[in-house]
Undergrad: 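Sharing a structure here in structure tokens format.
All figures in this text were calculated on a predicted structure; none of them were measured in a lab.
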Amino acid sequence: MARQYITTAIDYPNAAPHMGHVLEKVLADVCARWFRLRGDDVRFQIGTDEHGIKIQQTADREKLSPRELVDRNVPMFQNLYQKLGISADLFIRTSDENLHWPTVIELWKRLEKAGVLEKRTYTGLYCSGCERFLTKKDLVDGMCDIHKVKPQEVKEENWFFKLSEETAWLKKLLKKDYKIIPSFRENETMALLETGLDDVSFSRPKSSLSWGIPVPGDENQTMYVWCDALTNYISGLDIFGLAKEASHAKLTAGSEVWWSSATVTHVIGKDIARFHALIWPAMLKHAGVRTPDQLLIHGFLTSEGQKMSKSLGNVVKPDEVLAHFGGNPDPLRFYLSHEVPVGNDGDFSWKRIDEVYVSKLGNQLGNMLNRVLVMLKKEDTELIIPSDTENAAKTKKQWQEFAETLNTFDIHGALQQVMTAVDAMNRAFNAAEPWKLKGAEKIEALSRFAESLRHVSLMLLPFIPGTAQKISVQLGVPYAGAMLEKSFVITESMKQWGAMKDWKRVGEPSILFPPLEKA
RNA sequence: CGCGGGGUGGAGCAGCCCGGUAGCUCGCAAGGCUCAUAACCUUGAGGCCGCAGGUUCAAAUCCUGCCCCCGCAACCA
């Protein structure tokens, strides 16, 4: 059995979660669910990146300690993802000193021992208003554009990771053993490698960054984001076996196999692609740990066609979207899966999500189910699904295409395939005119549509699990009750036309997607 | 000459690599059906495929030049 370890980026909890966070989690969740459904053994991890100057500053502003701030904010992420049905096995927090820290410290020690860390004096332009170093692009006429002051030249000690020496090795790795999806991102990364890499700063003096993991053996330095945050992918598995007693409840025994002998997929946004493509594997190499297998890179979400920004006031809060649909996460999950091709940027629009809800979910899918079930219910009799070579072949082909599409992470394409099938069903229903038929002929005709819907329901399971299960429950399919369990696998017989011999009767029809209240 | 993405009926997109009746979803109009969530089905209106040249029997598709838009990335290392 294939073993899959799938992770998302860990979120920075200095403010409430937004739609960008949701896009990524839904994408990863669809993948994780599909892996499970096709029979793979799956471990899925999400979490939060809680250290850094930004958290420190935000906490100061709100008169809290950094610890208090993250303890207040992190549950917003956890609750949201629970409401969205994100099926993660572990939510890791980088402030977790029992589970996360020991692995990070061990990794640092290994890097130092390998001779790839070096302490240097860094000279930069520091703006006391921003409380950070500025880069050239932050400057306007040599001044901080925000505070209109000339930044001071400040020298500080930093540990550096010698990434510049890894260019050749990384080129080889990316060509062969580390796949980047979509491929145009790979081209971008290769182009970046052509220009050569700089060494990266791995630590800050404690005086400027105190909220973080101390550098082992150099207590006046605090680790900077890379060694701390990226490491979550392996600390959540405790691959070195160092986790402190208190964290053992979060781990399953022998978790390290999820790294050592699994297909490792990191789902991330395009902003952090280069760090995952370059720094992360280079770190692992020098720590003597195998490198991950693939990077799945998604784009960003705009809001109503414009960049999401606080100043434009168009930031969409995921909780508002959930509330808009009465707490049902599936319209949002469907929207993100159906409207945003993986890898591309997408747009969130209230008008559009309402359209998709009404037209696709309500009128096409929900109504199709209802028209079949209501008629069958009136007949109040057992289903007759005749063996039918034409439908059997068609269904087989559909499953093949669906699996192929999803296996290449084209979740948008796969969902569209399912919806195209639903579309065809509506047409076929009109053509068959079952309301004009009588007796066994009528039951047979309707049973065919019920059987088609059973397949549709299975295919929808990765995308809109709750709805998919409800469809199967209404259809009265025997396995419906188990569909949301992580151990549920779509078996060969489930994929076969008419193979559910113990499925006799349909259940009670009810409206899946009620019309929206007029605002 | 920074880099990247893009400009196709009212909206959102596919087609472009491998030239040959311009397609999909939503919206709109008319008709049909009546099993169903006023849903569903059929048909139709609507486009000089950003602009200007070039290659070709033939260009949304290939070549050249130009114009315009959007990002440089999630609240801010």
Undergrad: Using a heavy-atom cut-off of 4.0 Å across all strands, would you classify A:Lys351 as base, sugar-phosphate, or nothing?
TA: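 Since no nucleic acid heavy atom lies under 4.0 Å of A:Lys351, the category is nothing.
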Undergrad: Contact between A:Arg427 and A:Asn430 at the side-chain level, heavy atoms closer than 4.5 Å - yes or no?
TA: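 The answer is no; the side chains never approach within 4.5 Å.
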Undergrad: Where along residues 69-76 of chain A does a heavy atom fall under 4.0 Å from RNA chain B?
TA: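 Per residue number, the list is empty: none.
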Undergrad: Working to the nearest 0.5 Å, report the span between CE of A:Met76 and OH of A:Tyr81.
TA: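 Going from CE on A:Met76 over to OH on A:Tyr81, the span is 11.0 Å.
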Undergrad: Contact class for A:Gly299 vs. all strands (heavy atom < 4.0 Å): base, sugar-phosphate, or nothing?
TA: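 Since a base atom lies under 4.0 Å of A:Gly299, the category is base.
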Undergrad: Students often mix this up, so state it plainly: with edges at 30° and 60°, are the rings of A:Phe429 and A:Trp435 parallel, tilted or perpendicular?
TA: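 Tilted: the ring planes of A:Phe429 and A:Trp435 meet at 30° to 60°.
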Undergrad: Return the minimal non-hydrogen interatomic distance between A:Leu111 and A:Phe202, and the atom names on each side.
TA: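 Shortest heavy-atom separation between A:Leu111 and A:Phe202 comes out as CD1-CE2, 4.0 Å.
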Undergrad: Taking the side chain as everything from C-beta on, heavy atoms only, tell me whether A:Phe334 gets closer than 4.5 Å to A:Met419.
TA: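 The answer is yes; the side chains approach within 4.5 Å.
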Undergrad: Cut-off 3.5 Å, side chains only: do A:Glu50 and A:Thr48 have a donor facing an acceptor?
TA: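 There is such a pair (donor and acceptor under 3.5 Å, judged by atom type) between the side chains of A:Glu50 and A:Thr48.
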Undergrad: Do A:Asp29 and A:Arg333 come within less than 4.5 Å of each other through their side chains, counting heavy atoms only?
TA: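 In short, these two side chains touch, coming nearer than 4.5 Å.
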Undergrad: Using the C1' atom on both, measure B:C70 against B:A29 and round to a whole Å.
TA: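 Nearest-Å result for B:C70 against B:A29 at atom C1': 35 Å.
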Undergrad: Salt-bridge test for A:Lys394 and A:Asp388: reply yes if a basic N is under 4.0 Å from a carboxylate O, no otherwise.
TA: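 So A:Lys394 does not pair with A:Asp388 through a salt bridge.
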Undergrad: Please work out whether the ring planes of A:Trp101 and A:His51 are parallel, tilted or perpendicular, with thresholds of 30° and 60°.
TA: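 Aromatic pair A:Trp101/A:His51 classed perpendicular.
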Undergrad: If I pick the C1' atom on B:C51 and the same atom on B:C68, what distance separates them, to the nearest angstrom?
TA: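 Here B:C68 and B:C51 have their C1' atoms 10 Å from each other.
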Undergrad: For A:Glu339, which contact category applies under a 4.0 Å heavy-atom criterion: base, sugar-phosphate, or nothing?
TA: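 Result for A:Glu339 = nothing.
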Undergrad: On a whole-Å scale, what distance lies between the C1' atoms belonging to B:A39 and B:G32?
TA: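 Each nucleotide's C1' atom is 15 Å from the other's.
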Undergrad: Identify the stems formed by RNA chain B, where each pair is Watson-Crick or G-U wobble with both distances under 3.5 angstrom and a stem is at least 3 consecutive pairs.
TA: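 Stem list for RNA chain B: B:2-7 with B:67-72, B:10-13 with B:23-26, B:28-32 with B:40-44, B:50-54 with B:62-66.
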Undergrad: If we take the P atom in both B:G65 and B:C75, what is their distance in whole Å?
TA: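 One P to the other, the span is 40 Å.
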Undergrad: Quick one about A:Tyr357 and A:Asn328 (side-chain donor to acceptor, distance below 3.5 Å, no hydrogens or angles considered), yes or no?
TA: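 Distance-only check fails for A:Asn328 and A:Tyr357.
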Undergrad: Test side chain to side chain donor-acceptor pair (under 3.5 Å) on A:Gln45 and A:Asn232 and set out the steps.
TA: CA-CA 9 Å; A:Gln45 179 173 306; A:Asn232 89 84; 3.1 Å; yes
Undergrad: Just to be sure I understand the geometry, which residues of residues 317-329 of chain A put a non-hydrogen atom under 4.0 Å away from RNA chain B?
TA: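 RNA chain B contact set from residues 317-329 of chain A: none.
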Undergrad: Give me the distance, rounded to whole Å, that separates B:G4 from B:U42 when you measure between the C1' atoms they each carry.
TA: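 It works out to 45 Å between them.
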Undergrad: Taking the nucleotide of RNA chain B with the closest heavy atom to each, which residue, A:Arg427 or A:Arg61, is nearer the 5' end?
TA: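 Whichever sits nearer the 5' end wins; that is A:Arg427.
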Undergrad: Between A:Glu451 and A:Arg448, is there a side-chain N and carboxylate O pair less than 4.0 Å apart?
TA: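 Answer for the salt bridge query: no.
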Undergrad: So, using salt bridge (charged side-chain N to carboxylate O under 4.0 Å, His left out) as the criterion, who are the partners of A:Lys438 when residues are at least two apart?
TA: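 Here no residue qualifies.
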Undergrad: Heavy atom of residues 446-454 of chain A under 4.0 Å from RNA chain B: which residues?
TA: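 Those residues whose heavy atoms fall under 4.0 Å from RNA chain B, taken from residues 446-454 of chain A, amount to none.
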Undergrad: Compute whether any side-chain donor of one residue and acceptor of the other, for A:His324 and A:Glu320, lie under 3.5 angstrom apart.
TA: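 No donor-acceptor contact under 3.5 Å links the two side chains.
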Undergrad: Can you tell me which nucleotide in B:U25, B:U42, B:C76 comes closest to the side chain of A:Asp423?
TA: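 Nearest listed nucleotide: B:U25.
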Undergrad: Between A:Ser359 and A:Lys436, who's closer to the 5' end of RNA chain B by nearest nucleotide?
TA: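 By nearest-heavy-atom nucleotide position, the 5'-most residue is A:Ser359.
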Undergrad: Rounding to an integer number of angstrom, what distance separates B:C72 and B:G20 when you compare their C1' atoms?
TA: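 Here B:C72 and B:G20 have their C1' atoms 40 Å from each other.
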Undergrad: Taking only the P atom of each, what is the distance from B:C16 to B:U55 in whole angstrom?
TA: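 It comes out at 25 Å once rounded to the nearest Å.
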Undergrad: Provide a list of protein-nucleic acid N or O atom pairs under 3.5 angstrom, restricted to nucleotides 35-37 of chain B.
TA:
unit_1: B:C35; atom_1: O2; unit_2: A:Arg371; atom_2: NE; d: 3.1
unit_1: B:C35; atom_1: N3; unit_2: A:Arg371; atom_2: NE; d: 3.3
unit_1: B:C35; atom_1: N3; unit_2: A:Arg371; atom_2: NH2; d: 2.6
unit_1: B:C35; atom_1: N4; unit_2: A:Arg371; atom_2: NH2; d: 3.0
unit_1: B:A36; atom_1: O3'; unit_2: A:Asn370; atom_2: ND2; d: 3.0
unit_1: B:A36; atom_1: O2'; unit_2: A:Asn367; atom_2: OD1; d: 2.6
unit_1: B:A36; atom_1: O2'; unit_2: A:Asn370; atom_2: ND2; d: 3.4
unit_1: B:A36; atom_1: N1; unit_2: A:Arg371; atom_2: NH2; d: 3.3
unit_1: B:A36; atom_1: N3; unit_2: A:Asn367; atom_2: ND2; d: 3.3
unit_1: B:A36; atom_1: N3; unit_2: A:Arg371; atom_2: NE; d: 3.0
unit_1: B:U37; atom_1: O2; unit_2: A:Phe513; atom_2: O; d: 3.2
unit_1: B:U37; atom_1: N3; unit_2: A:Phe513; atom_2: O; d: 3.0

Undergrad: Would you say A:Asp199 and A:Ser164 are linked by a side-chain donor-acceptor pair, where the criterion is simply a distance under 3.5 Å?
TA: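 Yes, because at least one side-chain N or O of A:Ser164 sits under 3.5 Å from a partner of the opposite role on A:Asp199.
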Undergrad: Taking atom NZ of A:Lys171 as the centre, report whether more than 12 heavy atoms of other residues, nucleotides or ligands fall under 6.0 Å from it.
TA: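 Counting other residues, nucleotides and ligands, NZ of A:Lys171 exceeds 12 neighbours.
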